[in-house]
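Let me begin by presenting the structure, written as structure tokens, before commenting on it.
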Number of protein chains: 2
Amino acid sequence: MSIHSLPAGPAIRPPFHVPPSYPVGGIGKVRLISLATALPLAERDTLEPLSRRVALDQKETLYGQDEPAVSVFNVSSGALRLYRILPDGRRQVTGFAFPGDFLGLSLLDRFTVSADALGPVTACRFERLAFMDLLRGQPCLMMHLHEILGHELSRAKDMMMLLGRRTADERIATFLMGLQERYVRIGRSSVTLELPMGRLDIADHLGLTIETVSRTFSRLDRDHCILIVPGGVRLVDHDRLARMSAH
Amino acid sequence: MSIHSLPAGPAIRPPFHVPPSYPVGGIGKVRLISLATALPLAERDTLEPLSRRVALDQKETLYGQDEPAVSVFNVSSGALRLYRILPDGRRQVTGFAFPGDFLGLSLLDRFTVSADALGPVTACRFERLAFMDLLRGQPCLMMHLHEILGHELSRAKDMMMLLGRRTADERIATFLMGLQERYVRIGRSSVTLELPMGRLDIADHLGLTIETVSRTFSRLDRDHCILIVPGGVRLVDHDRLARMSAH
DNA sequence: AACGGACTTTGCGCTGGATCAAGGACGCGA
DNA sequence: TCGCGTCCTTGATCCAGCGCAAAGTCCGTT
């Protein structure tokens with residue numbers, strides 16, 4: 001099992017760090033909560049006054065696992081990796097967050113994963129307790145968030161199937177197709193997928209080693225299934241990928 | 001990857017089957033919703049009038065994946081396995097359900113897994129839409145269920161780490177420790193763990209083959225770490241198991 | 001344009017767990 | 001008590017993916 005899983009990266013869990021933020025007033029009518037289509041506009045308007053903006057540079061940590069969850073976040077731009085680490089350094093990247101995604105939505109009093117920026121990131125921050133108070137008076141919004149959490153759980157089960165039962169090829173194909181689908185959903189439809197995460201992040205997400213990920217990418221490229229381009233991949237044989245990832 | 005994953009078992013997803021149920025009135029003060037400690041008594045009283053009782057025999061299906069989720073359930077007695085199956089028969093058991101557990105709590109309009117009985121099972125059934133209506137007027141109860149869902153998601157992430165990064169030994173040890181902890185929580189504390197599921201279920205849960213599960217059990221037994229007994233295992237060297245499963 | 005550092009790719013040998021193949025244990029119905 | 005079906009165990013062999021080592025690529029910096 002990979003011990004080389006840890007990029008020199010940021011210190012793990014600066015124990016109580018809350019990222020810098022400033023009130024959001026006066027930014028005019030820029031929409032900060034960008035949940036793609038998942039939250040109706042009216043509900044975003046309810047939430048927005050409560051939010052403060054956060055900005056992170058690459059590799060900065062938004063929060064660490066087991067830290068008290070003082071905040072809930074909604075990603076505005078950029079991408080983050082969400083992960084857990086075992087004492088011996090083995091890492092599982094449980095997912096990646098993109099614009100529109102909520103972080104800390106389970107509203108538990110501690111974060112269950114760490115989150116750090118893959119590149120420059122901006123997000124909306126909500127004081128968790130205030131957020132919960134608001135929800136108590138907004139059953140409909142609460143229901144929406146519950147539904148989002150339900151979908152997240154369903155995707156977690158997809159991951160279990162993937163990690164427990166699928167081959168390396170299938171994992172990579174599933175990963176690429178899933179990422180494309182997500183990009184479509186947030187309006188970044190394109191044949192060429194940007195991959196803001198590195199090979200090691202993908203490996204730790206899919207339960208593989210960096211070498212296996214790299215080899216599989218290379219082979220898919222050789223087979224004209226994908227085309228590796230700087231910073232991402234172009235999905236060439238979409239059908240074959242879909243067949244490989246079929247569930 | 002194991003193709004022998006499917007016990008002769010029940011037909012997969014009888015497409016629209018709702019298990020037999022009958023009104024619950026007149027059972028006196030037997031408590032049907034048995035969420036261990038997770039739900040306060042007052043809230044159970046709110047829910048109970050809405051429920052009907054369901055009984056299943058071994059191998060009967062409570063619901064199938066992708067079936068419209070007309071109901072939500074709370075397990076009263078017995079145990080179920082929750083799983084997904086790929087077209088080629090590979091199976092991932094996403095979890096097991098025990099007394100007190102809610103099923104279908106994400107309230108999505110379709111079930112995301114199949115659920116069938118490992119032995120005789122009884123459960124409370126709620127009409128999902130009525131259940132949701134009730135919740136809209138009970139923000140506090142809604143919050144509780146959201147929290148439960150959050151914990152479920154957290155355990156799903158534990159599973160990702162386990163499936164993606166841990167060895168066979170660690171998986172088995174983690175499984176046994178986790179099961180014991182759950183038994184403690186529902187008041188079935190005991191050194192001897194009953195295992196209502198078969199080796200194949202455990203294998204499909206942990207992303208292993210039945211042979212590896214069997215061999216690992218045998219070795220742990222030989223090493224006096226556990227003692228295999230009919231229908232379960234006795235945890236002999238609790239500390240070593242805990243060390244193996246350490247996170 | 002030369003250097004250094006981080007990341008990625010590739011070759012090669014190895015191994016943990018899968019696969020294949022026999023038996024063994026147990027319960028149940030005739 | 002026997003026979004049968006289901007589940008579990010054990011041995012022998014195999015192989016997908018791992019671990020190690022060495023280049024190769026791409027930047028940003030000087």
Side-chain angles (χ1 to χ4, degrees), chain A residues 1-10 57-59 81 88-91 118-119 162-173 195-223 226-233 244, chain B residues 1-10 57-59 81 88-92 118-119 162-173 195-222 226-233 244:
Chain A
M1 304 265 113
S2 61
I3 290 299
H4 53 158
S5 283
L6 291 180
D57 283 339
Q58 184 171 20
K59 294 194 172 187
R81 84 184 134 223
D88 64 6
R90 284 175 288 175
R91 186 178 70 155
L118 292 167
L162 180 138
L163 293 169
R165 285 296 177 232
R166 313 204 72 167
T167 64
D169 290 5
E170 292 173 330
R171 294 182 200 201
I172 297 285
L195 294 179
M197 69 294 286
R199 296 286 187 268
L200 188 55
D201 294 321
I202 299 176
D204 285 347
H205 182 46
L206 301 180
L208 301 170
T209 57
I210 186 175
E211 294 94 333
T212 298
V213 170
S214 182
R215 273 187 264 269
T216 305
F217 269 78
S218 298
R219 185 158 28 77
L220 290 175
D221 182 308
R222 225 174 297 125
D223 296 351
I226 64 175
L227 182 67
I228 299 174
V229 299
V233 294
M244 277 197 271
Chain B
M1 306 261 115
S2 64
I3 289 300
H4 53 157
S5 282
L6 291 179
D57 282 340
Q58 182 170 22
K59 295 195 171 184
R81 85 184 133 222
D88 64 6
R90 282 175 288 176
R91 186 178 70 156
Q92 178 67 35
L118 291 167
L162 180 136
L163 293 168
R165 287 293 176 235
R166 312 203 74 165
T167 65
D169 289 4
E170 291 173 331
R171 294 181 200 202
I172 296 285
L195 295 179
M197 68 296 285
R199 298 284 188 269
L200 188 55
D201 294 321
I202 299 176
D204 285 347
H205 182 47
L206 301 180
L208 301 170
T209 58
I210 186 176
E211 293 93 334
T212 299
V213 170
S214 182
R215 270 188 263 269
T216 306
F217 269 76
S218 297
R219 184 156 29 77
L220 289 175
D221 181 308
R222 224 176 298 124
I226 65 174
L227 182 68
I228 298 175
V229 300
V233 294
M244 278 196 271

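In what follows, every chain begins at residue 1, and chains take the letters A, B, ... in the order their sequences are listed.
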* Asked: Who pairs with D221(B) by side-chain hydrogen bond (donor to acceptor under 3.5 Å, both in side chains), at least two apart in sequence or on another chain?
  -> none
* Identify, with sequence neighbours excluded, every residue that meets side-chain hydrogen bond (donor to acceptor under 3.5 Å, both in side chains) alongside R215(B). => none
* Atom pair distance, as rounded to whole Å: CZ in R166(B) and P in dG17(D) -> 22 Å
* Asked: With sugar-phosphate meaning primed atoms plus P, OP1 and OP2, does G231(A) contact a base, only sugar-phosphate, or nothing at under 4.0 Å between heavy atoms?
  -> nothing
* To do: Applying side-chain contact (heavy atoms from CB on, under 4.5 Å), name anything that partners D223(A), two or more places apart in sequence or on another chain.
  => R219(A), R240(A)
* Asked: Atom CD of Q58(A) and atom P of dC7(C): how far apart are they, to the nearest Å?
  -> 9 Å
* For I210(B) and dT10(D), give me the distance from atom CD1 to atom P, rounded to whole Å. => 13 Å
* Asked: Under the 3.5 Å rule, do the base of dG17(C) and the side chain of R171(B) count as making a donor-acceptor pair?
  -> no
* To do: Give the minimum heavy-atom separation between M244(A) and R166(A), together with the two atoms involved.
  => O-NH2, 3.6 Å
* **Under 3.5 Å: donor-acceptor pair, side chain of D88(A), backbone of R90(A)** => yes
* Asked: Is the phosphate of dA18(C), meaning OP1 or OP2, less than 4.0 Å from a side-chain N or O of T209(B)?
  -> yes
* **Rounded distance in Å - CG (L200(B)) to P (dT6(D))** => 13 Å
* Structure fact -> Quick note, R199(B) side chain, CB onward, closest among dT9(D), dT8(C), dG17(D) is dT9(D)
* In whole angstrom, give the distance that lies between atom CZ of R219(B) and atom C1' of dC8(D). => 16 Å
* Nearest whole angstrom, please: distance from the C1' of dG16(C) to the CG of L208(A). => 15 Å
* Asked: So, S214(B) side chain and I210(B) main chain: donor-acceptor pair closer than 3.5 Å or not?
  -> no
* Determine the minimum heavy-atom distance between I172(A) and F217(A), stating which atoms define it. => CD1-CE1, 3.8 Å
* Asked: If you take all heavy atoms of Q58(B) and L118(B), which pair is closest and at what distance?
  -> NE2-O, 3.3 Å
* To do: Indicate yes or no: at least one non-hydrogen side-chain atom of L227(A) is less than 4.5 angstrom from one of V233(A).
  => no
* Asked: Does S218(A) place a side-chain N or O at less than 4.0 Å from the phosphate oxygens OP1/OP2 of dT10(C)?
  -> yes
* Does the R171(B) side chain pair with the main chain of L163(B), one donor and one acceptor, at a distance under 3.5 Å? -> yes
Tabulated below should be each protein N or O lying under 3.5 Å from an N or O of nucleotides 22-27 of chain C; please produce it.
none

* Do the side chain of Q92(B) and the main chain of G207(B) share a donor and acceptor less than 3.5 angstrom apart? -> no
* Structure fact -> Shortest non-hydrogen pair, I228(B) vs S218(B), comes out as CD1-N, 4.2 Å
* With the side chain of A168(A) defined as its heavy atoms from C-beta on, choose the nearest nucleotide among dG17(D), dC18(D), dC7(D). => dG17(D)
N/O-N/O pairs, protein side and nucleotides 3-5 of chain C side, under 3.5 Å:
none

* Nucleic acid footprint by protein, nucleotides 21-28 of chain D - heavy-atom cut-off 4.0 Å, B for base, S for sugar-phosphate alone -> --------
* Structure fact -> Counting only Watson-Crick and G-U wobble pairs with both atom distances below 3.5 Å, the stems of 3 or more consecutive pairs that include DNA chain D are C:1-30 with D:1-30
* Asked: What is the distance from CG of L163(A) to C1' of dG17(D), rounded to the nearest Å?
  -> 15 Å
* Asked: Which nucleotide in the set dT9(C), dG11(C), dT10(D) lies at the smallest distance from any side-chain heavy atom of R215(A)?
  -> dG11(C)
* Structure fact -> Heavy-atom nearest pair, R91(A) first then D201(A), reads NH2-OD1, 2.9 Å
* Asked: With a 4.0 Å cut-off, would you call R165(B) and D204(A) a salt bridge?
  -> yes
* To do: Nearest whole angstrom, please: distance from the C1' of dG11(D) to the CZ of R222(B).
  => 12 Å
* Partners meeting side-chain hydrogen bond (donor to acceptor under 3.5 Å, both in side chains) with T212(A) (sequence neighbours left out) -> T209(A)
* **Residue whose nearest DNA chain D nucleotide is more 5′ - G198(B) or T212(A)** => G198(B)
